[in-house]
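What you are looking at is a predicted structure, and each value in this text was computed from that prediction instead of being measured. Start at 1 and go down the list; that is how both ligands and their atoms are numbered.
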Amino acid sequence: MDIFINNIISLLKDKIPLSVEEIEGLIEIPPDIKMGDYAFPCFAIAKQLRKDPKKVASELSQELVPPAQLSSLGGSDIIIRISAHGPYLNFYVSKNMLFKTVLKGIFSEGDSYGGSDLGKGKTVVIDYSSPNIAKHLAVHHLRSAVIGNAIYNLYKTLGYKCVGINHLGDWGTQFGQLIVAFKRWGSEFEIPSVEDYKKQRTAGETGLDINKLNELYVRFHKEVKSDNSLEDEARDWFRKLEKGSEEAREIWQYFKDISLEEFDRVYKRLGVKFDSYAGESFYNDMLGDTVNRIKDAGLSEISEDALIVNLDKYDMPPCILRKKDEASLYATRDICAAEYRKREYGFDKMIYVVGSEQRLHFKQFFKVLELMGYKWVDDCVHVDFGLIKFKHGKMSTREGKVILLEDLLEESCKIAKEIMEGKNPDLENKAEVANDVGIGAIIFSELSTKRVKDVLFDWDEVLNFDGETGPYVQYTHARLCSVLRKYGEKVTTDIDHDLLREDDELILVKRLEAFPLFILRAAKYYEPSILSKHLLDLCSTFNRYYQHHRILTDDAELRKARIMLVDSIRQVIKNGLSILGLKSPERM
Ligand code: ARG
């Protein structure tokens with residue numbers, strides 16, 4: 001696919017001082033078809049050449065010869081005209097060729113349309129969600145899970161081997177605190193003993209949840225205010241845990257099991273999966289070697305009894321490897337995990353989907369990896385994102401409560417169900433569809449704005465079927481399915497492409513053609529919103545087209561041609577939603 005865009009690239013690439021990648025990133029589809037089928041903005045070249053962009057565009061339009069005019073010399077007839085319009089270079093392509101190649105291509109590729117084998121033989125490791133155990137999943141773990149899952153799917157679509165890792169926060173001094181609290185007040189909170197819990201678990205009836213563990217935390221922090229020694233006791237217990245004490249291990253595993261039960265339940269609802277749950281604890285036995293390598297490289301020093309890597313030279317605070325009580329730290333475990341993942345997966349790229357507030361942490365430990373001599377640190381990226389804020393009203397953070405992910409999903413499905421009742425009370429599998437829509441609304445809201453921006457979460461907007469939302473895209477998909485159902489016949493490719501001549505038909509087919517390009521861009525910038533935005537544009541163009549044109553017209557040939565276009569749009573929306581992690585119900 002992409003032959004049109006590739007043709008433009010090959011025309012341009014010898015004439016301008018930009019790389020193929022850069023050109024590809026700049027090509028646009030003008031909203032008004034009078035401006036050509038594709039446009040190339042000349043600002044970037046003009047800047048390099050220190051020239052006026054308008055002048056650059058006009059010169060290039062003189063210089064470039066459309067291949068159609070060269071066809072007697074063996075060129076193709078894909079691009080038929082090139083002209084300048086202000087600072088833009090506009091390309092006009094053969095409409096017949098455009099419809100033919102794009103629609104046939106989508107028809108034959110089906111669910112795999114949009115993909116490629118660009119990443120064949122390459123591996124991408126993606127670290128996402130990665131919550132801390134013994135605490136509820138909070139909404140920022142949702143953002144990471146949803147963005148990470150979409151990035152995973154994007155790279156997978158491009159043929160990369162992907163390894164999704166949930167780097168659970170299951171290690172650290174806080175588990176010492178929790179063990180102390182459990183031993184002291186566990187029975188007071190009616191938390192079963194390890195033994196009883198095991199029995200209940202085998203019987204499949206624990207009924208325990210993270211709330212209990214939260215209560216233990218709170219109690220510990222309350223008591224420690226008047227009894228300092230608890231802190232020492234907690235430190236001792238974490239030390240025991242690090243040294244492999246069986247009792248400590250058992251209690252810790254107990255906390256972990258309780259947490260994972262809840263996490264898995266939420267991930268399942270969200271449709272988010274991982275290939276590995278190797279969390280921070282997984283590296284415990286490897287930390288010594290990592291620290292030794294850092295020491296041997298002469299990178300570490302002792303400061304205030306702690307082992308650190310001084311990063312003054314790089315204008316960063318030190319990276320602390322070990323506290324004075326020998327306990328390891330978050331950064332130590334991340335350095336160790338990076339080494340391990342390189343050994344284990346030989347990744348070509350490693351992506352950490354973690355909130356912007358951890359920027360410094362990533363800069364620090366990437367620097368340490370660089371100082372250790374690992375060239376592959378250049379393949380590690382921190383894909384950061386902004387906060388989710390809640391508007392007043394239901395589930396507002398103003399109430400001082402932490403918003404729990406599970407409650408959020410529940411509420412969304414509930415509202416979606418009410419909306420479905422109103423819209424389509426006879427729908428057969430209403431509960432299932434409401435679930436797909438409710439969850440889809442939340443996922444899409446996370447993915448439709450640039451990830452570094454904060455998201456202002458507003459129920460009225462998130463579930464608005466006419467807004468820039470997941471339900472809107474899903475609804476458009478269902479509408480396309482309904483047209484196809486009404487048509488009732490098989491979609492066939494033997495259509496007369498010349499019959500598709502409405503402006504919107506042309507815009508639609510170009511958006512379909514550009515779908516693979518937008519997947520590529522979204523992957524390249526780790527920015528699923530590029531794909532969501534493209535789907536929204538596709539949907540709004542279709543809905544406008546649908547308002548003004550009859551698809552099931554009396555003219556049998558025209559009907560057949562339009563149906564093929566409709567089927568292609570349906571397919572592309574379905575493929576796009578699936579990459580973003582949303583379901584595409586056929587009826588809504
Ligand atoms: N557990 C951390 C948190 O909840 C996120 C971990 C992200 N991944 C990583 N490799 N550091 O803040």
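- A distance limit of 4.0 angstrom between heavy atoms and ligand 1 selects the residues D127, S130, N132, H141, H167, Y330, D334, Y352, V354, Q358, F362.
- Note that K273 lies outside the cation-pi zone of Y267, set by a 6.0 Å cut-off to the ring centre and a 45° limit from the axis.
- Ion pairing of R521 with E21 is absent here, as no side-chain N (NZ or NE/NH1/NH2) approaches a carboxylate O to less than 4.0 Å.
- Relative ring orientation between F518 and H534 is described as parallel, the plane-to-plane angle staying below 30° on a 0-90° scale split at 30° and 60°.
- Remark: V194 engages F182, K198, E250, I251, Y254 in a side-chain contact (heavy atoms from CB on, under 4.5 Å) (not counting sequence neighbours).
- Y352 has its ring centre less than 6.0 Å from the ring centre of F365.
- A donor-acceptor contact under 3.5 angstrom links the side chains of Y152 and D275, judged on distance only.
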